[in-house]
Amino acid sequence: TLSSSSAASDVYKRQVSIESVIGNTDRPVAALQYDSRNAVKDDVFIAIKGSAFDGHEFISKAISQGVTVVVCQELPVDLVESVTYVVVLNSAKALAIMASNYYGNPSENLKLIGITGTNGKTTIATLLYELFKNAGYKVGLISTVKIMVDYKKYPTTHTTPDSLVINSYLNQMSFEGVDFCFMEVSSHGIHQHRTEGLNFAGGVFTNLSHDHLDYHETFSEYRDVKKSFFDRLPSTAFALVNGDDKNGSVMLQNSKAKQYTYALKSYADFRVQILENQFRGLLLQVNDNEVWVKLIGGFNAYNLTAIYGVAEILGLKSSETLRLMSALDNVNGRFEYFISDTNITTIIDYAHTPDALKNVLETINSIRTKNETLITVVGCGGDRDTTKRSKMAHIASVLSTKVIFTSDNPRSENPDQIIVEMEVGVEAQNFKKTMSITDRKQAIKTACQLASPNDIILVAGKGHETYQDVAGVKSEFNDSVIAQEFLIQLNK
């Protein structure tokens, strides 16, 4: 309930910045809603100013459906006498704190670890989930790909879901006795206050590179949003950052959390050396211990070192962590590869930023003998940061033998125009390496037709996604399935 008692009011005011209250606060509360379409009798409707919609425009609709409490930043012109209005400084932040309170602050009943950075979030979060499951714990996962409550799997649509969804699943995890939850924390999620009110036991910073500048506008703003996550960690938490990334030290500035670093190139609390790098795995030396892992590439060496560090900080024995690391498999759509009957290696990777694409291509080139042709199929998403298009095309054309520019998820943009903007980044001496095929399925088919035995195909950008978004319509599309089907057909 909303209560008029002084004690309840004081607690509420300490947590949410209330500007004013109009109406009776002694009311029953059924549920919290920020989508007016879901609001029913006795719900609280929180009007949020979003990037696409302003919830304040739907207050009257919510009231017509039975809502008697409205939380908003701006009062409507016409007030309904039977409705209580709570005016707050920031309704998105208020929703997050209210959601946490509504579910009994479930993040305090388990150890919640947030992973943030441009690349590596999904891999680190997912493999930490797998590692701790295999260590015998009950574990939760909130990621780009899926949400896991112990062994139960749920779909997800955002890297960091909204605060109601987060707290709902954390509440379920708490009820089922989950010990640890590993959660991807995106810059959008931080900026939109979806993680406000959560009690994080630790945070991991992977790296920072060119991404999301359509949303954040400047790189410094993007960096500072990430940093704000570490600024809010309590002194009881830990902060583990990539010491080889120049922004790692920035994340630790002003953070009250206990500080740790991991690195390949510099001194760190958790340091790794790559002893062998092959298509079938990596031989690593982590601190003073050697371990063979199934994952590939320098970027995964970083990911695995972060995983090792988190496991040790959370109390796992080093020998047990190394044993469990050696059993980990690639995450779906992250350097996922298969070899055809004609010995053509196809790699499916989510790389959709310049840095991620560069990492994947450099990893492939560090392993291959250079006698093979490396064919890269790559596109850029529509309605996203346009400045990375030419950069990604430049990287692909420099580091590949052949490149096919194609569509990713064009969304509302013209896919041909996106490709034109990519081609700008190709230098004259590399242009003969490239071709453009707008239809992604045809582009993948062409790559398979061009490949000879022992060649390598990289299909980049969509990774785990099972759809393609064209003109706002999502159709079934799976890079891995399509590539395998074409290679089987060509082998017949």
Would you please say whether a donor-acceptor pair under 3.5 Å links the side chains of [X] and [Y]?
X: Asn105; Y: Ser100; answer: yes
X: Arg334; Y: His464; answer: yes
X: Glu336; Y: Tyr350; answer: no
X: Asn247; Y: Asp245; answer: yes
X: Asp244; Y: Tyr302; answer: yes
X: Glu184; Y: Thr122; answer: yes
X: Asn478; Y: Ser480; answer: no
X: Thr156; Y: Lys146; answer: no
X: Ser107; Y: Asn199; answer: no
X: Thr84; Y: Asn24; answer: no
X: Ser436; Y: Glu423; answer: yes
X: Tyr34; Y: Asp162; answer: yes

Evaluation steps, side chain to side chain donor-acceptor pair (under 3.5 Å), between Tyr260 and Glu312:
CA-CA 11 Å; Tyr260 300 90; Glu312 185 156 303; over 6 Å; no

For the student: nearest non-hydrogen atoms of [X] and [Y], plus distance:
X: Phe45; Y: Ser36; value: CE1-N, 3.6 Å
X: Ile166; Y: Pro161; value: CD1-O, 3.2 Å
X: Tyr85; Y: Leu75; value: CB-CD2, 3.6 Å
X: Asp43; Y: Val67; value: O-CG1, 3.5 Å
X: Ala257; Y: Leu233; value: CB-CB, 3.9 Å
X: Cys72; Y: Ile59; value: CB-CD1, 4.2 Å

Hey, are [X] and [Y] close enough for a salt bridge, meaning a charged N less than 4.0 Å from a carboxylate O?
X: Arg440; Y: Asp479; value: yes
X: Lys441; Y: Asp439; value: no
X: Glu413; Y: Arg384; value: no

Would Lys133 count as a cation-pi partner of Tyr151, with NZ or CZ less than 6.0 Å from the six-membered ring centre and within 45° of the ring normal?
yes

Are Lys462 and Tyr467 in a cation-pi setup, meaning NZ or CZ lies under 6.0 angstrom from the ring centre and within 45 degrees of the ring axis?
yes

If we only count heavy atoms from C-beta on, is the [X] to [Y] side-chain gap below 4.5 Å?
X: Pro410; Y: Ile418; answer: yes
X: Asp42; Y: Thr68; answer: yes
X: Val16; Y: Val71; answer: no
X: Val44; Y: Met98; answer: yes
X: Asn167; Y: Asn101; answer: no
X: Asn254; Y: Lys227; answer: yes
X: Leu361; Y: Leu458; answer: yes

Are Phe180 and Phe132 close enough that their ring centers fall under 6.0 Å?
yes

For Phe229 together with Phe205, are the ring centres under 6.0 Å from each other?
no

Checking side chain to side chain donor-acceptor pair (under 3.5 Å) for the pair Tyr222/Thr118: CA distance, chi angles, key distance, verdict?
CA-CA 10 Å; Tyr222 176 44; Thr118 304; 2.9 Å; yes

[atom1] ([X]) with more than 12 external heavy atoms under 6.0 Å:
X: Lys61; atom1: NZ; value: yes
X: Glu476; atom1: CD; value: no
X: Lys358; atom1: NZ; value: no

Can any side-chain N or O of [X] pair as donor or acceptor with the backbone N or O of [Y] at less than 3.5 Å?
X: His56; Y: Gln73; answer: yes
X: Glu421; Y: Ser390; answer: no
X: Ser174; Y: Leu170; answer: no

Side chain to side chain contact (heavy atoms under 4.5 Å, CB included) between Phe200 and Thr195, intermediate numbers included
CA-CA 9 Å; Phe200 283 94; Thr195 57; 4.1 Å; yes

Report the C-alpha distance between Lys226 and Ser187 in whole Å, list the side-chain angles of each, state the deciding distance to 0.1 Å, and finish with yes or no for side chain to side chain donor-acceptor pair (under 3.5 Å).
CA-CA 6 Å; Lys226 296 283 190 187; Ser187 58; 4.6 Å; no

Rounded to the nearest 0.5 Å, what separates atom CG in Asn90 from atom CD1 in Ile97?
9.0 Å

To the nearest 0.5 Å, atom NZ of Lys49 lies from atom CD of Gln192 at 14.5 Å

In terms of relative ring orientation, are Phe53 and Phe58 parallel, tilted or perpendicular, with 30° and 60° separating the classes?
perpendicular

Go through Val360 and Phe335 one step at a time and tell me if the side chain to side chain contact (heavy atoms under 4.5 Å, CB included) criterion holds.
CA-CA 8 Å; Val360 171; Phe335 216 97; 3.9 Å; yes

Report the C-alpha distance between Glu465 and Asn409 in whole Å, list the side-chain angles of each, state the deciding distance to 0.1 Å, and finish with yes or no for side chain to side chain donor-acceptor pair (under 3.5 Å).
CA-CA 10 Å; Glu465 293 178 350; Asn409 290 315; 3.0 Å; yes

